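Everything quoted here is computed from the prediction, not taken from an experiment.
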Amino acid sequence: MLTSLAQTTGGGPSMGLIVLAILGALAAVIAVLSRWGAVFVIFTIMAFMASISYGMAGEDKTLSTWLAPVEAQRSLIFLFMGGLLLLSFLVHGLSREGVFSHGFALVIVGLYNALMRAVHAEIMDAALTLVFVVVTQLGLIVALSRMVRDETDWYKCFRCVGIASLLWIGAALVQLAINPDAMLRHGPYFARFQGMTFNPQAAALTLGITSVVTIFLALNDPKHRYRVFWTAAAGLNLVFLLWTGSRTGMGIFTLGAASVLVSRFSRVILLVPIVAGIVMVTLTLLGDAASDISSTADRLTSTEDSRTHAWHAMWQVFMDNPVIGGGPGKEDRGGRSENSYLYGLAAFGAGMGLLLLMLFVVSVAQCLRLFMRRGRAPKRWHPIIDVVIGYQAVYFIAAMVEGYIMARVNIHILMFYMTASIAAALIKRIDEGQAEWYTEEAYDVEHEAEEGALYSEQYGEHIDAYEYEYGDGAAVR
C-alpha cells in the first residue's frame, strides 16, 4: 500500500515535482511583487508549514505519510515564505498606518541564540539560526505591521491560521484513509496520535492552539457563511487533541478557550452541542481507533511526573556554566527541551535568562496597556482583545513545560507575532478614537457586503472601501 508521495517517486521527488515547485515559487514571487494582499496567502502557507514536521516512530525509524516530501522540506519552505514577506516589505514599503509590536524582543532573543551557538563552536548552526531569525521573524514583524491595520485585517489573520488548520485536518484525514499507522506512536497499551508531526507532543502543541483559533472564529467571524467550517474544524481538532494524550496540549486549549469564551457565553450554549455532535460522529467513524482515543484521554488525568528530572538536569548544567551555558543540542549539555526558560539558561547562560525575562516583561506591559483600554473599545472588539491577551498568557505559561521559544519553525512563533501586532494595532486604534468611525449598524452592513480593498499602484497604499449611508444619508467614516 502506498503511504507517501515519496513511494510513488522512487523514494524522492520526481522531476515533475521539482518543476512544479519552481513554478510555484516564481508564481509566489510575482504575486508578492504585484499585489500586497498576497501576503495573507504567504502567511497561511507559513502557518501550515509550521504545523507539520517529519514523523518519527523512534530514534531511527521514520514514518512516511503521504505528505512526507513536503514535511521533509517544511523548514526550507517556511524560510522561503519568510523571504517573500521581507520582499513584500521592500517592494511595497511601510504605510503611514503601519504599527510595530513588542515582537522585536523575541527577535533579540533569536539573535542572542545565534550568537551563543557561535560561541559554542556551532558555526553552521549559528549561521542557520541567524538566517531564520532575520528572514522569517523579521519578515513576520514588518509584514504584520501592515497586515493588522484594521478590524477586517485582524480577522483575516485569524482566518489564515484557521485555513492552515483546515489544511492540516484534511491532510490527516487523507492519511487516515490510506494508512493510519503512519500517524500513530504505538506504546505498550495504546497508540497516541501524532498526525502530520514528528511526535504526539508536537501535534498537541499545534492542535491546542488551532482548536482555540477555530472556536474563536466559529463564535466571532463576521463572515457568517464561514462559521460552519470553523465549527467542524474545532470539533475535529478536539478529537485529534484528545488522541494525542498530551496534558500540555489540553492545558493550552483550556487556557486559550477560557479567553475566547469569557465574553461569548450566550453563543457558547449554542455551539457546545454542535461541536459535541461532531466529536461523537467522528469517534463513531473512527471505529477501533476510538478505544485508543479513550485510553490516551485517560492519560490526561495522570499524575506521572515526566519533566522534573529534565528540569533538575538543565538547572545543574546552568549552575556548572552560568555565564555562557553548556551549549545546545546534547543531552548532557542542556539540550533537552522540556522548559524554554531552563533550556535557555542551560544552553546559553544567564544572558539568555535576562533576555527571556525582558520578553516576558514587555509582553505583560503591552497586554496591560491593551486591557486598560478594553472599556473604551466597542463591544465587538472585546473578543479580539480577550483572545490576544489570552494567547500571550498561554505562550509564556506553556513555555514552562515546552521549549518552543528557541525553535526556528513553530506555530507559536507565528501566533506570538500575530497577536503582538494585533495588540499594538488595537491600542493605536483605541487611542486615536477610530473605533467611533463605525456604528454597530454600519459594522453589520460592512460584513454583509463583499469585502475588499482598492490598491493604488503608484503608492501601494491601502484604501479602505468602507462607506455606508444611514439616516439622512450622511456617510459614516
Before you tell me yes or no, could you show the steps for Q194 and Q201 under side-chain hydrogen bond (donor to acceptor under 3.5 Å, both in side chains), namely the whole-Å CA-CA distance, both residues' side-chain angles and the distance that decides it to 0.1 Å?
CA-CA 7 Å; Q194 64 185 40; Q201 201 68 8; over 6 Å; no
So [Y] and [X], do their side chains get closer than 4.5 Å, heavy atoms only?
| X | Y | result |
| --- | --- | --- |
| I427 | Q366 | yes |
| V133 | N113 | no |
| Q73 | M49 | no |
| L106 | I405 | yes |
| Q137 | F132 | no |
| I397 | V394 | no |
| R117 | P328 | yes |
| C157 | M147 | yes |

Residue pair S363, Q392: steps toward the side-chain hydrogen bond (donor to acceptor under 3.5 Å, both in side chains) verdict
CA-CA 7 Å; S363 177; Q392 289 283 306; 2.6 Å; yes
Counting distance only, does the side-chain N/O of [X] pair as donor-acceptor with the main-chain N or O of [Y] below 3.5 Å?
| X | Y | result |
| --- | --- | --- |
| S53 | F198 | yes |
| T129 | A114 | no |
| T44 | A164 | no |
| S165 | V161 | no |
| Y404 | A399 | yes |
| R373 | I430 | no |
| W230 | L217 | no |
| W168 | S51 | yes |
| H412 | T206 | no |
| W66 | A171 | yes |

M418 vs L414, side-chain contact (heavy atoms from CB on, under 4.5 Å): CA-CA, chis, key distance, verdict:
CA-CA 6 Å; M418 185 185 84; L414 277 80; 5.8 Å; no
Check ion pair [X]-[Y] (N to O, under 4.0 angstrom):
| X | Y | result |
| --- | --- | --- |
| D125 | R408 | yes |
| E151 | R429 | no |
| R376 | D431 | yes |

Of the non-hydrogen atoms in [X] and [Y], which two are nearest, and what is the gap between them?
| X | Y | answer |
| --- | --- | --- |
| V135 | G83 | CG1-N, 3.3 Å |
| A203 | T244 | CB-CG2, 4.1 Å |
| H382 | A377 | NE2-O, 3.3 Å |
| L140 | Y417 | CD1-CD1, 3.8 Å |
| A105 | L359 | CB-CD1, 3.7 Å |
| A126 | A118 | CB-N, 3.4 Å |

So, taking the atom named [atom1] in [X] and the one named [atom2] in [Y], what distance separates them when rounded to the nearest 0.5 Å?
| X | Y | atom1 | atom2 | value |
| --- | --- | --- | --- | --- |
| R380 | I385 | CZ | CD1 | 11.0 Å |
| D153 | I422 | CG | CD1 | 9.0 Å |
| I252 | I209 | CD1 | CD1 | 7.0 Å |
| T197 | L207 | OG1 | CG | 8.0 Å |
| L426 | I389 | CG | CD1 | 9.0 Å |
| L238 | S211 | CG | OG | 4.5 Å |

Could you go through the ring pair (Phe, Tyr, Trp, His ring centres under 6.0 Å) check for F216 and F158 one step at a time?
CA-CA 9 Å; F216 168 77; F158 278 104; 4.7 Å; yes
Evaluate side-chain hydrogen bond (donor to acceptor under 3.5 Å, both in side chains) for E71 paired with T65, printing each intermediate quantity in order.
CA-CA 9 Å; E71 292 173 347; T65 68; 3.0 Å; yes
Stepwise side-chain contact (heavy atoms from CB on, under 4.5 Å) test for M183 and M196:
CA-CA 7 Å; M183 294 193 301; M196 314 308 290; 3.7 Å; yes
Parallel, tilted or perpendicular for W243 and F193, by the 30°/60° rule?
parallel
H102 and F416: ring pair (Phe, Tyr, Trp, His ring centres under 6.0 Å), yes or no, with the steps?
CA-CA 10 Å; H102 62 277; F416 180 85; 5.6 Å; yes
In this structure, are over 12 heavy atoms from other groups packed under 6.0 Å from M358 atom CE?
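Count over threshold, so yes.
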Whether over 12 other heavy atoms sit under 6.0 Å from F229 CZ:
no
After noting the C-alpha distance and the side-chain angles of L86 and V142, does the key distance pass the side-chain contact (heavy atoms from CB on, under 4.5 Å) rule?
CA-CA 7 Å; L86 271 182; V142 297; 4.0 Å; yes
Test side-chain contact (heavy atoms from CB on, under 4.5 Å) on L85 and M81; report intermediate values, then the result.
CA-CA 6 Å; L85 291 184; M81 293 300 160; 6.0 Å; no
Can Y343 and E338 be said to form a side-chain hydrogen bond (donor to acceptor under 3.5 Å, both in side chains), step by step?
CA-CA 7 Å; Y343 175 79; E338 297 285 0; over 6 Å; no
